[in-house]
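Remarks on the structure that follows.
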Protein chains: 2
Amino acid sequence: MTHDGRRLRGSRSREAILERAVSLASVEGLDGLSLGRLAAATGTSKSGFFAHWRDKEQLQLDAVEWAARQWAESVVAPALRAPAGVRRLFALHEARLKFYSDGVLPGGCFFFTVQAEFDDRPGPVRDRVARAMREWLEFVRRQVAEAAALGELAGSVDPDQLAYEIDALGEMVVPHSRLHEGHASFTHARRAVLQRLRALCPDPALLPED
Amino acid sequence: MTHDGRRLRGSRSREAILERAVSLASVEGLDGLSLGRLAAATGTSKSGFFAHWRDKEQLQLDAVEWAARQWAESVVAPALRAPAGVRRLFALHEARLKFYSDGVLPGGCFFFTVQAEFDDRPGPVRDRVARAMREWLEFVRRQVAEAAALGELAGSVDPDQLAYEIDALGEMVVPHSRLHEGHASFTHARRAVLQRLRALCPDPALLPED
DNA sequence: TACATTAACGACCGATCGTTTGTATATCTC
DNA sequence: GAGATATACAAACGATCGGTCGTTAATGTA
């Protein structure tokens with residue numbers, strides 16, 4: 001009846017499980033999330049996981065992969081529709097903030113949670129998380145360098161430096177907005193980067209005033 | 001023989017346990033830390049904990065208290081030796097960075113880890129952590145306001161805004177420095193705040209050039 | 001000295017953890 | 001259709017979880 005091949009059916013439930021895992025892990029972390037709770041949340045049995053993954057660590061690694069793809073589609077891709085340079089750089093910052101304020105993930109940010117969880121725990125998961133963060137920072141750095149090459153940033157800008165600032169100001173919105181209710185941290189994060197870029201940009205018309 | 005009163009002895013081991021708990025929690029989190037491992041690390045039995053605390057949550061609450069005191073003594077107090085104003089503000093930032101780079105805690109920062117762990121988990125521990133972070137941010141905000149009142153910051157500065165920036169740029173050093181080895185993030189965090197303050201301060205002699 | 005209190009312990013509890021085993025069923029290959 | 005494979009499950013495993021219980025030794029109070 002159903003035309004699900006076993007492989008199609010398998011990869012569908014695999015994707016559904018990973019989506020749930022990323023969602024739950026944004027709240028409780030990848031290790032804090034237990035297979036029992038994940039099974040309950042997906043309406044399956046926990047022993048069924050072992051048909052898809054050798055052990056919990058393999059599932060964690062695939063969850064990081066899934067989250068990186070989600071980030072690329074939800075944050076990076078929309079920002080790439082803005083014209084290259086300082087406008088794209090700020091669009092990237094705003095797309096991240098929108099990702100957070102839209103509540104795409106219940107915990108706000110998978111990578112913030114998982115980064116805090118694994119930054120001191122050597123192993124494959126930590127390495128995979130570190131790679132994802134490195135690639136993200138490298139991408140931001142490239143946007144900075146491109147803006148500078150287009151003459152949209154004062155010449156003396158260090159791309160590594162500015163990329164760190166943009167990332168830090170954006171990422172700390174997650175704990176601030178969740179710990180102290182209210183929208184203030186979003187305003188602060190947005191304005192911090194906006195004013196920083198406006199101060200560097202020779203053409204103020206490229207960026208909103210406020 | 002020993003002049004330990006039972007109360008003195010009790011409060012001594014209580015403090016020793018809390019110090020260990022804060023240290024371990026900076027790595028694995030307050031919930032990730034299990035009583036069994038804490039007992040092993042302190043050379044005691046886990047059942048002994050229940051002579052000092054009703055349950056794990058009470059120990060967690062006291063650990064937050066202990067960590068807040070450590071932060072006040074190791075970061076806030078040294079910075080207060082600098083003259084009020086923009087110099088104290090920057091001294092505060094540098095004291096925090098020194099706290100991290102000195103490796104006072106094996107996980108870098110107790111509050112970063114615990115914040116990420118509890119920002120989505122309602123309960124007394126979350127409330128206590130939120131209060132500690134609120135008090136810290138309020139303290140930074142007051143230093144900003146004082147610097148502005150002394151005429152050491154351009155008049156248009158919003159203390160909430162600048163306090164958020166200083167905190168975010170300082171705190172994100174923790175995951176960055178641990179995930180990507182190297183000292184770069186310390187340089188970035190230091191220079192970001194320094195250049196921001198220098199741009200606002202009418203008297204550049206108050207701050208180092210670089 | 002008599003008695004209460006405290007610190008600390010070993011042994012054990014039910015629950016949950018990640019994982020293994022065995023089994024049933026559906027799907028693909030031939 | 002036959003045999004291999006993939007999906008999924010229930011049941012159970014040993015380990016560990018937070019927590020309880022009963023006890024011992026030391027210290028305090030009377």
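Below, chains carry the letters A, B, ... as their sequence lines are ordered, and counting in each starts from 1. Note that the structure is predicted; figures quoted are calculated from it, not measured. Side chains are part of it too, since the values below use all heavy atoms of this structure and drop only hydrogens, waters and symmetry mates.
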Rounded to whole angstrom units, what separation is found between the [atom1] atom of [X] and the [atom2] atom of [N]?
X	N	atom1	atom2	result
A:F50	D:dT7	CZ	P	16 Å
B:D31	C:dT16	CG	C1'	14 Å
B:R14	C:dA8	CZ	P	12 Å
B:F49	D:dC17	CZ	C1'	14 Å
B:W53	C:dA7	CH2	P	10 Å
A:D55	C:dT20	CG	P	8 Å
B:L59	D:dG19	CG	C1'	13 Å
A:Q60	C:dG18	CD	C1'	11 Å

[X] has a side chain; which of [options] sits nearest to it?
X	options	answer
A:S45	C:dA8, D:dA10, C:dC17	D:dA10
A:S47	D:dA11, D:dA8, D:dG18	D:dA11
A:L35	C:dC12, C:dG18, C:dC17	C:dG18

### Query
Under 3.5 Å, is there an N or O donor on one side and an acceptor on the other linking the side chain of A:K46 and the base of C:dG18?
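Check passes, donor-acceptor contact within cut-off.
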So does [X] get a side-chain nitrogen or oxygen closer than 4.0 Å to the phosphate oxygens (OP1/OP2) of [N]?
X	N	answer
A:S13	D:dA8	yes
A:R37	C:dC17	yes
B:S34	D:dC17	yes
A:H52	D:dA8	yes

### Task
Test A:W71 against A:F99 for ring-ring contact (aromatic ring centres under 6.0 Å, His included), laying out the working first.
CA-CA 9 Å; A:W71 187 260; A:F99 182 87; 5.3 Å; yes
### Message
Once rounded to the nearest 0.5 Å, what's the spacing between atom CH2 of B:W136 and atom CZ of B:R141?
### Response
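Between B:W136 CH2 and B:R141 CZ, I get 14.0 Å after rounding to 0.5 Å.
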### Message
Please report the interatomic distance CG(B:L137) to CD(B:E135), rounded to the nearest 0.5 Å.
### Response
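Those atoms lie 11.0 Å apart.
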### Plane angle bin for A:Y164 and B:H188 - parallel if under 30°, tilted between 30 and 60°, otherwise perpendicular
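Ring orientation, 0 to 90° scale: tilted.
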### Message
Tell me whether B:R178 at atom CZ has more than 12 heavy atoms from other residues, nucleotides or ligands lying less than 6.0 Å away.
### Response
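Check passes, neighbour count above 12.
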### Task
Identify whether any heavy atom of B:L33 sits under 4.0 Å from a base atom; if not, whether one sits that close to sugar-phosphate; answer base, sugar-phosphate or nothing.
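Sugar-phosphate contact only.
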